[in-house]
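We use all heavy atoms of the structure for the numbers below, so side chains are in, but hydrogens, waters and symmetry mates are not.
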Number of protein chains: 2
Amino acid sequence: MRTLEQQVQVLRAAGYRVTQSRVAVLTVLAETDGVLDAATICAAGRELHPKLGRVSVYRALELLAELGLARRVHGANGCRSYARANWQEGHYLVCQGCGQVQEFPCDGLDRLVEQLGREYRFAVRHHLLQLEGLCAGCLDADGGSAS
Amino acid sequence: MRTLEQQVQVLRAAGYRVTQSRVAVLTVLAETDGVLDAATICAAGRELHPKLGRVSVYRALELLAELGLARRVHGANGCRSYARANWQEGHYLVCQGCGQVQEFPCDGLDRLVEQLGREYRFAVRHHLLQLEGLCAGCLDADGGSAS
DNA sequence: GTTACAATTGAAACAAGTTATCAATAAGCA
DNA sequence: TGCTTATTGATAACTTGTTTCAATTGTAAC
C-alpha cells in the first residue's frame with residue numbers, strides 16, 4: 001500500500017493541486033480497511049480539515065477514483081460506498097460480515113476478458129469485477145457455517 | 001430471451017402479484033436493448049399505464065432485480081441505469097458507443113471466482129462483472145480505430 | 001517573501017434516488 | 001361476487017449527487 005506521500009505524489013504528477021480537502025479525503029480512506037460512504041468520509045475528514053465541504057468530498061472522490069487512489073464500491077442496492085485503491089484496475093473482495101475490502105489484481109481476469117471480447121466481438125475497454133462474501137475472519141467466527 | 005409471459009410467470013412463482021405497474025416496467029425493459037434510467041422507464045411506462053408512480057418504478061426495479069428479471073448497470077459515475085436481465089447472475093457487456101447491453105453467462109468466471117476464493121481465503125457468495133467497451137457495430141462504424 | 005492567476009473550495013440551490021406513510025385500489029383466491 | 005391482503009400512488013422527508021458562483025487557496029514566477 002502506498003504511503004500518503006506517495007499518493008500525494010500521484011496527484012502532483014497528474015497536474016492537480018495538493019489541497020487540504022484532498023489530503024483529508026485521502027487520509028480518511030487510508031485509515032480504514034473497509035468501505036465508507038461519502039457522509040462518513042466528510043465527517044471524518046472534517047476532523048482533519050474543519051471547513052471540508054460536502055461537495056468537495058464528492059469532487060475529491062471522483063478525482064481520486066480517476067487516478068486510481070480511491071474507488072467506488074458497487075452493490076446490489078447502489079454504489080454509495082468508497083474505498084481506497086492501490087491500483088486503477090484493481091478488483092475487490094468485499095466482506096459482507098465485517099465490511100473489510102480486499103483488493104486484488106487479476107491477471108486471470110485479463111485473459112478471460114480477452115476471451116470474452118473475442119467471443120462476443122466486443123472491444124473491452126474497461127472491466128469491473130467485485131466479489132462479495134465472507135472473509136477468513138468472519139468464516140472462522142461463523143463456525144464454518146458458510147458454504 | 002424470455003417472453004413477457006415467462007417473466008410474469010417468474011413473478012407469480014415467487015409469490016408476487018402481477019400488477020399493471022410491474023408489467024409496465026417489465027415491458028419497457030423488454031423493449032430496449034440498452035440501459036435506461038428510472039425517469040425514462042417511468043415516462044415510457046406511463047404510456048402503458050398512465051397512473052404509474054415514480055416510487056412504484058423504483059419498487060418494481062428492486063423486486064425485478066432480486067428475481068433476475070432486471071438489473072442495475074454499474075458505471076464509474078454511479079449505477080442509475082437499469083437493463084433487462086435474463087439470468088440472476090448474468091454479466092454485462094455495455095457498449096459505450098450505442099449503449100447496447102449484452103448479457104452473458106460465464107462459466108469461466110465461476111472457475112476464476114473459485115480460484116480467487118481459495119487464494120484469498122474468501123467465501124464468495126456473489127459476484128459482479130461488467131465490461132465496458134465497443135460492440136461490433138460501433139467498431140465497424142469507427143473504422144477499426146479501436147485498440 | 002510577495003504577487004498573480006487559475007484551480008479549487010464551500011455554501012446554497014437544485015436534481016435524482018430512496019424511504020416512509022397511508023388511504024385507496026386492485027390482484028387473486030375461495 | 002366478496003374478502004383479504006398485497007400493492008399502489010401521492011406526498012413528504014431524507015439522502016445522495018450535481019451545478020453555480022463568489023471567495024479562497026495552492027503554487028509558480030519573480
Tell me, please, the opening and closing nucleotides of DNA chain D, 5' to 3', among those with an atom under 4.0 angstrom from a non-hydrogen atom of chain A.
D:dT16 to D:dT27

Check whether [X] and [Y] end up in the same hydrophobic cluster, where Ile, Leu, Val, Met, Phe, Trp and Tyr are linked by side-chain heavy atoms less than 4.5 Å apart.
{"X": "B:L116", "Y": "A:V73", "value": "no"}
{"X": "A:Y82", "Y": "A:V94", "value": "no"}
{"X": "B:V28", "Y": "B:L69", "value": "yes"}

Looking at DNA chain D, which of residues 5-12 of chain A put a heavy atom within less than 4.0 Å of it?
none

Do [X] and [Y] have side chains that approach each other closer than 4.5 Å (heavy atoms only, starting at C-beta)?
{"X": "A:E119", "Y": "B:F104", "value": "no"}
{"X": "B:V25", "Y": "B:L29", "value": "yes"}
{"X": "B:E103", "Y": "B:R84", "value": "no"}
{"X": "B:E132", "Y": "A:V124", "value": "no"}
{"X": "A:Y92", "Y": "A:R71", "value": "yes"}

Across nucleotides 1-13 of chain C, 5' to 3', mark each nucleotide with B, S or - according to how protein heavy atoms within less than 4.0 Å reach it.
-----BBSBBBBB

Applying side-chain contact (heavy atoms from CB on, under 4.5 Å) to B:E5 and not counting sequence neighbours gives B:T3, B:V8, B:Q9, B:R12

Can you check whether [Y]'s main-chain N or O pairs, donor with acceptor, with [X]'s side chain at less than 3.5 Å?
{"X": "A:R72", "Y": "A:R80", "answer": "no"}
{"X": "B:T27", "Y": "B:V23", "answer": "yes"}
{"X": "B:Q130", "Y": "B:L93", "answer": "no"}
{"X": "B:R121", "Y": "A:C135", "answer": "no"}
{"X": "A:H127", "Y": "B:L131", "answer": "no"}
{"X": "A:H74", "Y": "A:C79", "answer": "no"}

Give me the residues of residues 25-45 of chain B where at least one heavy atom lies under 4.0 Å from an atom of DNA chain C, by number, or none.
none

Using five pairs at each end of the helix from C:dG1-D:dC30 to C:dA30-D:dT1 to define an axis, what is the angle between those two axes, to 10°?
50°

